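Below is one structure, written out as structure tokens; the observations come after it.
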Protein chains: 2
Amino acid sequence: MANAPRKAETSIDAIAADLVAVLVAVTEGEPKIMTIANAAALPSGPFQFGHRSLQTGLRAWVEAQTGHPLGYVEQLYTFADHGRTGDARAPHRISISYLGLTREDQVREGSEGHWSGWYEYFPWEDHRAGPPALIAKIVAPKLRGWAKSAESTSVQRARWQRAAITFGLDDRAWNEELVLQRYELLYEASVIPEAVRDKPAGEAVVPGRSMISDHRRILATGIARLRAKIKYRPVVFELMPAEFTLLQLQRSVEALAGRLVHKQNFRRLIEQQELVEETGAMAAETVGRPAKLFRFRHGIVAERAVAGTKLPLSRS
Amino acid sequence: MANAPRKAETSIDAIAADLVAVLVAVTEGEPKIMTIANAAALPSGPFQFGHRSLQTGLRAWVEAQTGHPLGYVEQLYTFADHGRTGDARAPHRISISYLGLTREDQVREGSEGHWSGWYEYFPWEDHRAGPPALIAKIVAPKLRGWAKSAESTSVQRARWQRAAITFGLDDRAWNEELVLQRYELLYEASVIPEAVRDKPAGEAVVPGRSMISDHRRILATGIARLRAKIKYRPVVFELMPAEFTLLQLQRSVEALAGRLVHKQNFRRLIEQQELVEETGAMAAETVGRPAKLFRFRHGIVAERAVAGTKLPLSRS
DNA sequence: TTCCATTATGCTCAGGATAAGTATAACCTC
DNA sequence: GAGGTTATACTTATCCTGAGCATAATGGAA
């Protein structure tokens with residue numbers, strides 16, 4: 001390949017780009033994602049001439065398909081779905097994915113949009129009530145089988161080590177951020193429908209709703225990013241109503257992280273960081289002692305140098 | 001906009017995609033980036049039909065243009081350079097950027113590639129010898145002027161607050177990760193050449209070499225990502241030779257972070273994390289007491305659950 | 001009314017991690 | 001052997017974190 005010009009003059013290598021949205025909300029302690037096509041796809045559409053930017057294109061598609069306006073948005077990842085779709089000779093099509101955070105509001109009637117619980121797609125990711133039974137009962141045995149099916153013993157060991165690390169087996173700690181790694185592992189082990197869609201062999205056995213194309217993979221990317229981000233950026237508040245109790249805030253964090261946190265320590269961290277302020281009002285219609293209502297201090301983000309939200313999600 | 005089909009059948013919205021590489025090396029305590037076109041551009045080229053994936057396309061371009069093979073690679077960001085280039089009606093062109101880490105080796109003779117120190121492009125980012133004089137002498141006054149030029153006093157205050165936070169003015173702490181925010185701020189304030197390239201007004205005054213198109217912005221993104229990542233992932237070792245002393249390792253980290261770290265604490269952290277092991281040999285040809293040579297323990301990455309590298313870069 | 005379940009909130013305490021400094025060792029050049 | 005330079009071992013004070021105890025409000029059941 002000779003020294004090529006830095007920019008192709010008028011590129012003959014035209015491709016198509018899709019914009020895909022992982023739109024997240026948390027309602028009553030359950031994380032939801034916006035889906036279309038009977039909960040089998042994420043909102044998405046091609047990047048078109050008319051779009052002034054990638055984000056405006058994305059917003060247009062999401063609003064058209066779901067009737068839901070897009071609030072906070074950040075880019076996730078760009079990939080050419082290729083080996084995945086199989087047709088190696090087809091013109092290139094790349095997907096540019098985004099993570100969006102909102103509140104679950106009224107979805108326009110008659111629209112295709114639908115909020116789905118994200119743990120329907122990843123039942124092994126919810127550890128709020130301890131490790132889900134299906135990990136020990138289904139996932140681990142299947143991964144053990146996959147490891148054993150390798151030729152050499154060194155590959156067998158490497159496979160099982162990888163499985164144990166990502167799924168917290170053999171007394172290893174569960175790491176809630178490895179969402180994508182776990183999905184990729186299940187894909188490679190051919191124990192989810194997406195993996196056997198192309199290759200005819202194998203049988204999908206691990207429970208969990210799948211999606212078209214790469215969408216469940218994109219969703220895994222979004223969840224992983226969000227679980228990592230809530231630990232050092234105050235993004236949870238994008239998912240909260242204007243006023244909330246500290247327990248509601250905690251439940252939202254736990255819903256996203258898929259694990260429980262120590263209540264008193266959680267409150268201490270939130271309060272000492274001055275991320276919230278009391279509204280003066282109290283929560284109504286609750287069981288137990290009424291809680292103070294808080295609101296997010298938007299000012300703090302500007303005041304501090306990119307305020308870090310610490311959450312007690314490090315160890316344990 | 002009616003409910004559109006989820007995937008355009010055969011998209012008429014063809015676009016072109018460029019692959020851009022921020023290829024980093026550290027030599028003798030100085031961070032370098034691979035450049036072409038007389039150090040005014042990053043290696044890049046269009047994503048073509050022949051490329052099997054985005055990464056293979058990138059590797060092909062970098063090797064063709066610089067003769068340097070690509071090692072560790074991770075995706076940075078995808079954007080449509082648009083408002084930036086001005087031609088709002090031109091067909092869409094998106095850039096997909098990557099961060100690559102290697103060692104500075106022999107660049108093939110006659111190739112266009114050249115290693116440039118990255119602080120030539122961002123002289124305000126090197127705080128290893130304290131805050132650079134040009135911040136107080138040039139950057140701060142210019143940003144003050146930009147803030148004052150706003151209409152309302154509230155905007156004036158907001159502008160100056162932003163400047164103070166990103167550049168650590170008014171006794172605020174310097175945050176080395178805000179590389180992109182600082183660049184964006186200088187761009188908005190029209191005090192760098194890129195900003196006045198389109199708009200004829202203004203005069204570029206802040207020192208620092210600029211690049212074609214969005215390339216300096218992409219470089220800022222890469223530096224920011226790397227500065228963030230060395231704190232929690234063992235990526236520094238991608239930049240080190242097979243054997244190194246702890247001081248060399250420290251100097252590399254400091255070069256990337258643009259700030260000094262406490263020597264004894266640095267060693268303690270590195271050693272207690274078992275990221276390195278002694279080779280048994282000692283460093284030759286040095287001043288002072290000879291240091292032990294270490295090598296990176298590749299095994300540790302697999303052993304631990306995505307081993308976190310802690311570095312003493314948090315406070316201070 | 002009392003007791004209990006439930007949630008809110010204040011406080012303590014031990015262990016670990018971190019920043020920063022002191023002290024000593026090993027090598028070189030002059 | 002004095003002085004510069006780097007390596008390496010300890011010490012200390014502080015802060016952070018995880019974990020638990022205790023008490024305060026509230027509503028409903030006994």
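Here is the naming used below: chain letters follow the sequence lines, and residue numbers restart at 1 for every chain. Fair warning: this is a prediction, and the values are worked out from it, not measured in the lab.
When heavy atoms are screened at a 4.0 angstrom cut-off, Leu246(A) is found touching no nucleic acid atom at all.
dG16(C) atom C1' lies 13 Å from atom CG of Leu269(B), rounded to whole Å. Regarding Arg251(A), its CZ atom lies at a distance of 8 Å from the P atom of dA8(C), rounded to whole Å. Per the geometry, CD belonging to Gln248(B) stands 12 Å off P belonging to dT8(D), to the nearest Å. Atom NZ in Lys292(B) sits about 11 Å away from atom P in dA26(C), given to the nearest Å. For Leu247(A) and dT9(C), the CG to P distance is 10 Å, given to the nearest whole Å. Atom CD in Gln250(B) sits roughly 13 Å away from atom P in dA19(C) (whole-Å rounding). Separating the CD atom of Glu278(B) from the P atom of dT8(D) is a distance of 8 Å, rounded to the nearest angstrom. The interatomic distance linking Gln272(B) (CD) with dT8(D) (P) rounds to 17 Å, in whole Å.
Ionic pairing of Glu184(A) and Arg217(A) is present here: one or more N-O contacts between side-chain nitrogen and carboxylate oxygen are shorter than 4.0 angstrom. Lys32(B) and Glu104(B) are joined by a salt bridge, as a carboxylate oxygen and a charged side-chain nitrogen come within less than 4.0 angstrom of each other. With respect to the salt-bridge test (charged N to carboxylate O, under 4.0 angstrom), the residues Glu176(B) and Arg259(B) qualify.
The listed nucleotides are dT9(C), dT11(D), dA19(D); the one nearest the side chain of Gln264(A) is dT9(C). With dA19(C), dT6(C), dC21(D) as the choices, the nucleotide that has an atom nearest any side-chain atom of Val287(A) turns out to be dT6(C). Comparing dA20(C), dT17(D), dG20(D) by their nearest atom to the side chain of Arg268(A) picks out dT17(D). Candidate nucleotides dT8(D), dT7(C), dA19(C) were compared by shortest atom distance to the side chain of Lys263(A), and dT7(C) ranks first. Here dA19(D) is the nucleotide among dT26(D), dA20(C), dA19(D) with the atom lying nearest to any side-chain atom of Asn265(A).
The 5' end of DNA chain C is approached more closely, in terms of each residue's nearest nucleotide, by Gly288(A) than by the other of Gly288(A) and Glu271(A).
Interatomic distance, CD1 of Ile33(B) versus CH2 of Trp115(B), reported as 9.0 Å (0.5 Å rounding). Separation of atoms CG (Leu101(A)) and CG (Leu23(A)) is listed at 8.0 Å; rounding is to 0.5 Å.
Side-chain to base pairing of Arg267(A) with dG10(C): no donor and acceptor N or O lie closer than 3.5 Å to each other.
For the pair Arg289(A) and dA24(D), the criterion of a side-chain N or O lying under 4.0 Å from OP1 or OP2 is not met.
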